[in-house]
Amino acid sequence: LLNMKKIVFDIETKNTFAQAGTRDPIGLDLSVVSIYEYANDRYTSYLEADLPKLWPILEAADLIIGFNSNYFDIPILNKYYPGDLTKIKSLDLLEEIKNSLGKRIGLDSVASATLGHSKSADGLAAVAWWAEGKVEEVIKYCEQDVRVTKEVYDYAVANKLLKYKSVTEVLSFPIDLSAYEKVEAKAINYTLPF
């Protein structure tokens, strides 16, 4: 499936739920979105002004992969997108983990147990860095999140399982993402005016 156009993505925000005064992700503002493209083995990041360059890449994707992305990343990105990103086939690793395991587990727990390394910081740090004008730090952090998400996804596809840390031990659980590894015909062009 080398020709399948898969993209792993993550976003960071300029503000927190507390600052926005809501628990709705739509109340948050985008600072950066980072992507990994399997087709060319490349990480790229986009600030708000760069988003028009991102849309055609997402629209050409057969699958977009994230972590908590159906709840968090896609609704926030959709505020900036002229079409509807929910029309693009997406895989939310957190939803698949919850379906398999019966509970939600953070990316850090899964990554450290499965891969032996974890995220470099957290989203709250990224919000603080943004406020301090440390844009490169935010981009570096977001790309690292994408890298960890990609490695967890690749591991799940290759091994049909993931691991997480319980209080006392590392446990594994089955996860089958093979249904996502099929290219579907697309009959839709998202932002072009015809």
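Here the structure is a predicted model, which means the values were calculated and not measured.
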Problem - salt bridge (Lys or Arg N to Asp or Glu O under 4.0 Å) contacts touching residues 147-157 (sequence neighbours left out) - result: K150-D154

Exercise for the section: With sequence neighbours left out, write down each residue that passes side-chain hydrogen bond (donor to acceptor under 3.5 Å, both in side chains) with S100, or none if nothing qualifies. Expected result: none

Completion exercise
With sequence neighbours left out, the residues meeting salt bridge (charged side-chain N to carboxylate O under 4.0 Å, His left out) with E132 are K134

Exercise for the section: Name all residues meeting the ring-ring contact (aromatic ring centres under 6.0 Å, His included) criterion together with Y43; count only those two or more places apart in sequence or in a different chain, and write none if there are none. Expected result: Y36

Problem - Of all pairs that satisfy salt bridge (Lys or Arg N to Asp or Glu O under 4.0 Å), the ones with a partner from residues 18-40, not counting sequence neighbours - result: D29-K79, E37-R42

Practice task
With sequence neighbours excluded, tell me which residues meet salt bridge (charged side-chain N to carboxylate O under 4.0 Å, His left out) with K160.
Solution key: D176

Problem - Set of residues satisfying salt bridge (charged side-chain N to carboxylate O under 4.0 Å, His left out) with respect to E137, sequence neighbours excluded - result: K140

Problem - Residues forming a side-chain contact (heavy atoms from CB on, under 4.5 Å) with S109, sequence neighbours excluded - result: I105, Y164, K165

Practice task
Just jot down the side-chain hydrogen bond (donor to acceptor under 3.5 Å, both in side chains) partners of S34, sequence neighbours excluded, or say none.
Solution key: S45

Exercise for the section: Please list, chain by chain and in numerical order, all residues satisfying side-chain hydrogen bond (donor to acceptor under 3.5 Å, both in side chains) with N78, sequence neighbours excluded. Expected result: D84

Fill in the blank from the handout: Taken in chain and number order and not counting sequence neighbours, the residues that satisfy salt bridge (charged side-chain N to carboxylate O under 4.0 Å, His left out) with K53 are D50

Exercise for the section: Apply side-chain hydrogen bond (donor to acceptor under 3.5 Å, both in side chains) to T44 and list each qualifying residue two or more places apart in sequence or on a separate chain. Expected result: none

